[in-house]
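Here's the structure, in structure tokens; my notes come after.
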2 protein chains.
Amino acid sequence: MKLRSVKGNDLCEVTSINTERVASVRRRMKPEGTIHRLSETFKVLGDPTRVKIIFALSQEELCVCDIANLLGTTKSTVSHQLRILRNMRLVKYRKEGKMVYYSLDDRHIENLFDEGLRHVEEM
Amino acid sequence: MKLRSVKGNDLCEVTSINTERVASVRRRMKPEGTIHRLSETFKVLGDPTRVKIIFALSQEELCVCDIANLLGTTKSTVSHQLRILRNMRLVKYRKEGKMVYYSLDDRHIENLFDEGLRHVEEM
DNA sequence: GTAACAGTTGAGCAACCATTCAACTATATG
DNA sequence: CATATAGTTGAATGGTTGCTCAACTGTTAC
């Protein structure tokens, strides 16, 4: 009969690991803040609606209604996603009367976006 | 008193939009499959645990136990995430006795990863 | 003033997801 | 054979998230 798992048994604390290799990687490991910002950046791009919005804005400055029309969705949905992109400083906006025009605010993100596009288009 | 919202009222079907600009973007819009694969690719990178794993494997070939030790988490957690990376063809593995050594399987993903790293480190 | 429209926002909901736990396979060792 | 270790896997769980709906703000036009 198998013994019940001891807590921490799964943690590889004292078992045979390549301590040297692990230590070497640990030294070079990026700080927690960098990891967090990096994964957050990728996460924002990890949604088809936001991908479409970013692609659209990389081509033209557009108002919320334009984007909603383009994607075949509601202004509400677009507005919610634009808020996320705004919080991440990926888009900026400009008010003109009752219209709000959005455009990309981050040249870096276009490089990242294009690199991703190149990745999936070479398959 | 405000009238109840009519269904589709939010869809911008007949309202004043920049039809020309929208049509131009629509022509250039990437196909649905490309959008989907692109957002899926970014989504995989949108988790701190997977980011750490990918960074680690970009430095060294490592077994599951090494990675778990490095991240201070369990083999189970690492194994679950490695399965996702395996399904996306981002990592490959090599068995040696009861050990399983993982390494990156996609040169493109390193470019994408580095581009993201450059993005967050210039802030 | 009222009406219409662009856009925002919060609540609610359903789907998704990362981790934990437990059980399992497989290999190595005695 | 039994035991220990490396790794995988399925179920359960708690947290997250994207969309919908309804109500709201603000601006333009009448």
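Residue numbering restarts at 1 for every chain, and letters A, B, ... go by the order of the sequence lines.
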Tell me which donor-acceptor pairs under 3.5 Å the side chains of residues 110-120 of chain A have, and how far apart each pair is, sequence neighbours excluded?
residue, atom, partner, partner atom, Å
A:E115, OE1, A:R118, NH1, 3.0
A:H119, NE2, B:D106, OD2, 3.1

Of D:dT5, C:dG7, C:dT20, the nucleotide closest to the side chain of B:K98 is D:dT5

Report yes if a donor N or O on one partner sits less than 3.5 Å from an acceptor N or O on the other, where the partners are the side chain of A:H80 and the base of D:dT20; otherwise report no.
yes

Test of understanding: with salt bridge (charged side-chain N to carboxylate O under 4.0 Å, His left out), list the residues that count as partners of A:E32, not counting sequence neighbours.
B:K52

What is the distance, rounded to the nearest whole Å, between atom CD1 of B:I67 and atom P of D:dG7?
9 Å

How long is the line joining CG of B:L70 and C1' of D:dA6, in whole Å?
17 Å

For B:R26, what residues pass the side-chain contact (heavy atoms from CB on, under 4.5 Å) criterion, not counting sequence neighbours?
A:N69, A:L70, B:V22

So which of residues 81-90 of chain A are in contact with DNA chain D, with a heavy-atom cut-off of under 4.0 Å?
A:Q81, A:I84

Whether B:Y102 contacts D:dA6 is assessed here as follows: a side-chain N or O lying under 4.0 Å from the phosphate OP1 or OP2. Is that the case?
no

Could you check how far OH of A:Y101 sits from P of C:dG7, rounded to whole Å?
8 Å

List in chain and number order the residues that pass side chain to side chain donor-acceptor pair (under 3.5 Å) with B:H80, two or more places apart in sequence or in another chain; answer none if no residue qualifies.
none

Rounded to whole Å, please give me the gap between CG in B:L71 and P in D:dG7.
13 Å

With sequence neighbours left out, the residues meeting salt bridge (charged side-chain N to carboxylate O under 4.0 Å, His left out) with B:K30 are A:E121

Partners of A:E61 by side-chain contact (heavy atoms from CB on, under 4.5 Å), sequence neighbours excluded?
A:R94, A:Y101, A:S103, B:R21

Is the phosphate of D:dA6 approached by B:Y93 (side-chain N or O, under 4.0 Å from OP1 or OP2)?
no

Quick one: which of C:dG7, D:dG7, C:dT20 gets closest to the side chain of B:T73?
C:dT20

Expected output is a numbered-order residue list: members of residues 38-59 of chain B with a heavy atom under 4.0 Å from any atom of DNA chain C. What is it?
B:K43, B:D47, B:T49, B:R50

Residues two or more places apart in sequence or in another chain: which of them pass side-chain contact (heavy atoms from CB on, under 4.5 Å) with B:R86?
B:R83, B:V91, B:Y93, B:Y102

Rounded off to whole Å, could you give me the CG-to-P distance for the B:D66 and D:dT5 pair?
16 Å

To the nearest 10 degrees, how far apart in direction are the end axes of the helix from C:dG1-D:dC30 to C:dG30-D:dC1, each fit to five base pairs?
10°

For A:S39, all residues meeting side-chain contact (heavy atoms from CB on, under 4.5 Å), sequence neighbours excluded:
B:P48, B:V51

Interatomic distance, B:N18 CG vs C:dA6 C1' [rounded to whole Å]
13 Å

Passes side-chain contact (heavy atoms from CB on, under 4.5 Å), A:I67 versus A:L82? Steps please.
CA-CA 10 Å; A:I67 303 174; A:L82 282 171; 4.3 Å; yes

Does the D:dT20 base have a donor-acceptor partner in the side chain of A:T74 within less than 3.5 Å?
no

CE of A:M99 versus P of C:dG7: gap in Å, rounded?
5 Å

Does a nitrogen or oxygen in the side chain of A:S76 sit under 4.0 Å from OP1 or OP2 of D:dA22?
no

B:E60 vs A:R28, test: side-chain contact (heavy atoms from CB on, under 4.5 Å). Steps then yes/no.
CA-CA 11 Å; B:E60 289 271 11; A:R28 280 174 282 179; 4.2 Å; yes

So, B:R37 versus B:T41: side-chain donor-acceptor pair below 3.5 Å or not?
no

For B:F42, check ring pair (Phe, Tyr, Trp, His ring centres under 6.0 Å) against everything at least two apart and list the hits.
none

